[in-house]
Structures are given as C-alpha cells and as structure tokens.
There are 2 protein chains.
Amino acid sequence: MPNLVPTPEFVSYRDVKATVLQRIQEKIWAPDTILPSEVDLALEFSCTRTTVNRAMRELADEGYIERKRKVGTRVLKSPTRHARFAISLVREEIEARGSTYRYALSTCAQIVAPDWLRARLNLSDGQPVVHVTCMHYADNEPFQYEDRWINIASVPWVVDADFNTLGPNEWLVNEVPFTDIEMSFSAVNLAADIADFLGSAPGDASFVAQRTTWLKGDVVTFVNLYHTSGYRMSTRY
Amino acid sequence: MPNLVPTPEFVSYRDVKATVLQRIQEKIWAPDTILPSEVDLALEFSCTRTTVNRAMRELADEGYIERKRKVGTRVLKSPTRHARFAISLVREEIEARGSTYRYALSTCAQIVAPDWLRARLNLSDGQPVVHVTCMHYADNEPFQYEDRWINIASVPWVVDADFNTLGPNEWLVNEVPFTDIEMSFSAVNLAADIADFLGSAPGDASFVAQRTTWLKGDVVTFVNLYHTSGYRMSTRY
DNA sequence: CAGTGGTCTAGACCACACA
DNA sequence: GTGTGGTCTAGACCACTGC
C-alpha cells in the first residue's frame with residue numbers, strides 16, 4: 001500500500017533550517033561554536049549547497065548565527081533577536097480592531113519652521129513648513145492625537161492639500177514616496193491641551209510614537225503621535 | 001585599456017530588486033498592479049528566474065508586494081512596512097551606549113502564583129513561581145526596574161539560582177532556550193514604590209516593556225521592565 | 001486545465017579574509 | 001594561498017488556484 005502522504009524524496013531548506021535551529025537551541029552547537037561549512041552540511045543532509053545556503057541565510061537574517069567568508073558560520077550568544085512591528089495607518093489599525101474610524105482636523109497652518117524643528121530636521125533658516133494637528137477616533141472614542149510638520153520644500157504641493165476630510169498621514173502616503181524612516185517610542189506625561197483632546201487628565205502617561213520620514217536625504221515630514229492611556233503596542237515572534 | 005572596475009557580466013538579484021522597487025516607488029507600477037511574471041522579468045533582465053525569484057521574495061518579505069501562485073505578484077497599497085527592534089539584554093543595551101552597567105537585586109521569593117498571573121499565563125491552580133525584582137543602572141544612574149516571574153514547573157532548577165550577582169534575565173538566557181516571545185510596550189504613571197527605585201517622582205510617565213516567553217507551549221517567564229522617564233526606543237529603516 | 005510562484009539539483013566562478 | 005560564504009546559470013518538478 002502506497003504512502004498516502006508521500007514524503008518528498010528531497011530535503012527542503014526548511015528541514016535543514018529546523019534541524020540546525022534545534023541543535024542551536026539544544027546547545028549541541030553552543031554560542032561561539034563554528035558550524036560545519038556549507039559543503040559539509042550539504043553532505044550530511046544529502047542536498048545541494050544551495051539548499052543549505054538558503055537555510056543558513058534565513059537563520060542569519062533572524063539573528064541566530066553570523067556568517068563570514070573564510071571564517072565560517074558562528075552561533076551568536078544571547079540571540080540578538082528582532083521584534084517586528086507592522087507600521088500601518090491609524091485608520092487601518094483602528095479598523096483592524098473592528099472599530100469605526102473617525103478623523104477630525106484641529107489646526108492647519110503654514111509657518112516658518114521653529115528653531116527646535118530646524119535643528120532636528122536639519123532645515124535651513126526661515127524654511128516654511130505646514131503644521132497640522134488632528135485627532136483620530138475609534139468608535140467615537142479618542143484614540144490618537146497627531147501633531148505633524150511637513151517640509152514644504154520637499155512637497156511643494158502640500159500647500160494646496162485639504163486636510164479637512166483626509167488625514168495628513170493618508171495624504172502623504174498617497175502623494176509622497178519615502179526612502180527612510182526613523183521611529184522612536186517613549187512615554188510622556190500629557191500636557192493639558194493634548195490631554196483634553198484625548199479625554200485624559202493632564203499628567204496621564206501617554207505612549208508616544210515619533211516618526212521622521214526622508215525621501216532620498218530630504219526630510220519630508222516629522223510627526224508626534226500621542227495615544228490615550230492604556231494603549232499597547234504588541235508583537236509576537 | 002581594460003576597465004579598472006569591471007562591470008560584472010551578469011545581473012544580480014540586487015539589480016532586479018532595486019529596479020523593481022524604484023518602479024513601485026515611482027508608481028510606474030502603482031498599488032494593486034499585477035507585476036509581470038517571473039519568467040517575463042527574467043527575460044527583461046536577461047537573467048534566470050532564480051535570480052528574479054530571490055529579488056521578489058525579498059521585496060515580499062519587506063512588505064512591498066504580495067505573491068500568490070497562479071494570481072501573480074501584486075503591489076501592496078500603503079506599504080505595510082515593518083520596524084525592527086533589536087531585543088537585547090539590558091546590560092548589552094547599557095554597554096552599547098558606552099555606560100557602565102550595574103545590577104542590584106531587590107527581592108527574590110518563591111510563592112504561589114497570584115490569580116492575575118495564573119490567568120495571564122494560563123497556569124494551573126496553586127502553581128509555584130519565583131518572583132524577582134531588581135534594578136539595572138547605567139553609570140550608577142537608575143535605568144530600568146525589573147519585575148519578573150519565573151514558572152518553576154518549566155525551569156525547576158531556578159529554585160537553586162542565585163540572583164544576587166547575576167540578573168535573572170542573563171541567567172535565563174544562559175539556562176533556558178525559548179521558542180516564542182510576546183512583547184508589548186506601553187506607558188504608565190509610576191507607582192510610588194517603583195518611582196522610588198527609579199529616582200523618579202510618583203506619577204511620572206514610564207515606558208514599560210512587557211515580555212512573555214514560552215518554550216514549546218509552556219510559559220517560562222513573564223516580566224515587566226519599567227524605564228526612567230526620558231527613555232526612548234528607536235529604530236531606523 | 002493552465003499559469004503562477006516555490007523550490008531543488010548540479011555545477012560554476014568569485015570575493016573576502018585569514019594564515 | 002586557500003577555505004569559506006555569496007551568488008548566478010540552466011533546467012526541472014511541483015503546488016496552488018482561478019478558469
């Protein structure tokens with residue numbers, strides 16, 4: 001009787017990856033150990049070096065091992081693993097929770113970049129920017145307060161944009177490509193005015209995401225996103 | 001005279017990747033567009049399908065495109081990009097900043113898991129855990145307050161561990177492998193006792209990292225890491 | 001059924017980095 | 001020099017999925 005779930009007669013890179021990972025986790029190959037070369041592993045697993053290579057490359061991407069030509073593949077200590085967070089639009093984040101999204105513009109003005117912003121974004125003197133503040137609601141409950149600055153020099157047509165119905169984040173995603181992003185997260189005590197928008201008390205802890213976006217070396221936008229207390233950013237891996 | 005920097009006579013997957021990415025960013029291939037098949041791209045770039053495949057696979061990993069058999073490769077809207085954060089030991093994080101690390105144990109006790117912890121970690125009734133609280137300093141300034149729970153059932157020998165000189169995080173990294181991690185970040189107003197440890201005022205906003213670690217389905221440890229105000233977690237990509 | 005991506009093989013040349 | 005990983009070619013079979 002033939003096998004109903006036939007075993008493939010070849011060895012997948014997944015098999016190699018799983019086996020190697022298991023040996024690392026069971027400390028059969030402890031940190032700092034140099035693993036057998038790809039050729040040797042290919043012999044052991046009866047597959048080609050290409051297959052071993054893909055397995056090892058992925059393990060390296062995931063932070064388990066480090067590879068160097070001539071030296072070989074070394075097992076890393078205290079695995080420098082990486083957490084990944086999906087960066088999405090607020091609207092998508094809210095809708096993904098099954099809530100209804102609502103947007104409301106607060107202020108929108110064209111001004112000369114203040115000193116602290118000039119310094120932070122490396123702008124030249126007297127450079128004009130668009131400053132937008134707005135709110136994002138989930139099921140009509142405050143969710144996020146957005147405080148955004150857009151560099152007019154890199155997106156001249158922003159001066160004609162209408163942020164009354166469409167949020168500046170969605171507008172930017174549609175209008176401007178970007179090449180680099182810097183994000184940082186921190187916790188602050190809310191100032192009275194922002195707390196008011198968020199329906200919180202002044203001094204309440206707020207999770208703040210700060211993001212700067214570049215297009216080929218030129219700053220496009222800088223934004224502070226203040227969340228209501230209780231907000232939580234999660235990932236599993 | 002021969003070319004001093006000879007151009008390779010083959011096409012690298014990097015070339016393909018860069019070109020495709022550029023076309024996506026310039027909206028030559030707008031969101032929802034179905035890209036040419038791998039075979040067609042291979043023809044266009046005069047390379048093998050293997051090479052095109054690697055380029056496209058990486059673009060898919062990075063969240064620019066989505067691939068489905070038979071359907072083809074589709075450009076994603078508002079690129080769901082991912083931010084990556086390196087998860088390291090506090091000690092390594094502090095030393096990477098060029099500061100001197102110091103550790104101090106606060107409390108260490110073996111108790112029965114309280115209800116909220118049982119519920120959160122899915123432990124059975126009356127299960128014992130080790131509860132450790134300790135401080136991490138950078139250049140003798142408070143940096144992080146650690147509040148950790150370790151499941152004795154999954155690491156029985158933890159009862160013999162000595163956390164007076166070695167922090168529980170380093171001990172765990174050395175002793176126990178793990179297969180899954182869930183992390184979440186939030187902002188809280190510090191309680192008086194923890195604020196005291198951190199040299200902050202009660203109510204100050206603190207960036208909190210919360211992490212649960214599993215080994216093949218069994219919870220190993222759960223930890224709350226409270227940071228001093230001003231702490232910032234950053235990444236660039 | 002037919003077209004797309006997913007993957008493996010077999011072989012090759014090259015770049016890097018240590019001795 | 002020499003051994004390691006990095007990558008490409010050429011060809012093949014397969015799995016999924018929409019028609």
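Source: prediction; values computed, not measured. Side chains included, hydrogens not; waters and symmetry mates left out as well; all remaining heavy atoms used.
Of the candidates D:dT9, C:dT7, D:dG1, the closest approach to any side-chain atom of A:Lys70 belongs to D:dG1. Of the candidate nucleotides C:dG6, C:dC8, D:dG5, D:dG5 has the atom nearest to the side chain of A:Thr73. Residue A:Ser12 places its side chain closer to C:dT7 than to any other of C:dT7, D:dT9, C:dG6.
For B:Lys68 and A:Thr48, each mapped to the nucleotide of DNA chain C holding its nearest heavy atom, the one lying further toward the 5' end belongs to B:Lys68.
Among the protein residues, B:Thr50 comes within range of the nucleic acid bases, having at least one heavy atom under 4.0 Å from a base atom. Using a 4.0 Å heavy-atom distance criterion, B:Ser37 is classed as a sugar-phosphate-only contact.
In this structure, the CZ atom of B:Arg49 is 12 Å from the C1' atom of C:dC8, given to the nearest Å. What separates CG of B:Asp61 from C1' of C:dG5 is a distance of 14 Å, to the nearest Å. Atoms CG (B:Leu43) and C1' (D:dA10) sit 14 Å apart, rounded to a whole Å. Remark: P of C:dC18 and CZ of A:Arg74 are 12 Å apart, rounded to the nearest angstrom. The nearest whole Å value for the distance from the CZ atom in B:Phe45 to the C1' atom in D:dT9 is 17 Å. When the C1' atom of C:dC8 is taken as reference, atom CZ of A:Arg54 falls 11 Å away, rounded to whole Å. Atom CD in B:Glu38 sits roughly 17 Å away from atom P in D:dG11 (whole-Å rounding). B:Met56 has its CE atom 17 Å from the C1' atom of C:dT7, to the nearest Å.
Here the options are B:Tyr101, B:Tyr226, B:Phe143, the test is ring pair (Phe, Tyr, Trp, His ring centres under 6.0 Å), and the partner is B:His136; only B:Tyr101 passes.
For C:dA15, its base sits under 3.5 Å from the side chain of A:Arg69 at one donor and acceptor pair at least.
Pair assignment for C:dG5: D:dC14, on the basis of Watson-Crick or G-U wobble contacts that are both within less than 3.5 Å.
B:Glu38 has a carboxylate O that lies under 4.0 Å from a charged side-chain N of B:Arg67, or vice versa, which qualifies the two as a salt bridge. Using a 4.0 Å cut-off between charged side-chain N and carboxylate O, A:Glu62 and A:Arg57 make no salt bridge. No salt bridge links B:Arg211 with B:Glu182; every basic N to acidic carboxylate O contact stays at or beyond 4.0 Å.
Residue B:Arg67 places none of its side-chain N or O atoms closer than 4.0 Å to OP1 or OP2 of C:dT4. Contact annotation: A:Tyr13 side-chain N/O to C:dC8 OP1/OP2 distance is not under 4.0 Å. Of the side-chain N and O atoms in A:Asn53, one or more sit less than 4.0 angstrom from OP1 or OP2 of D:dG6.
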Query raised in the report: Would A:Glu66 and A:Lys77 satisfy salt bridge (Lys or Arg N to Asp or Glu O under 4.0 Å), going step by step from the backbone distance to the final call?
Result: CA-CA 10 Å; A:Glu66 183 185 54; A:Lys77 334 173 70 105; over 6 Å; no

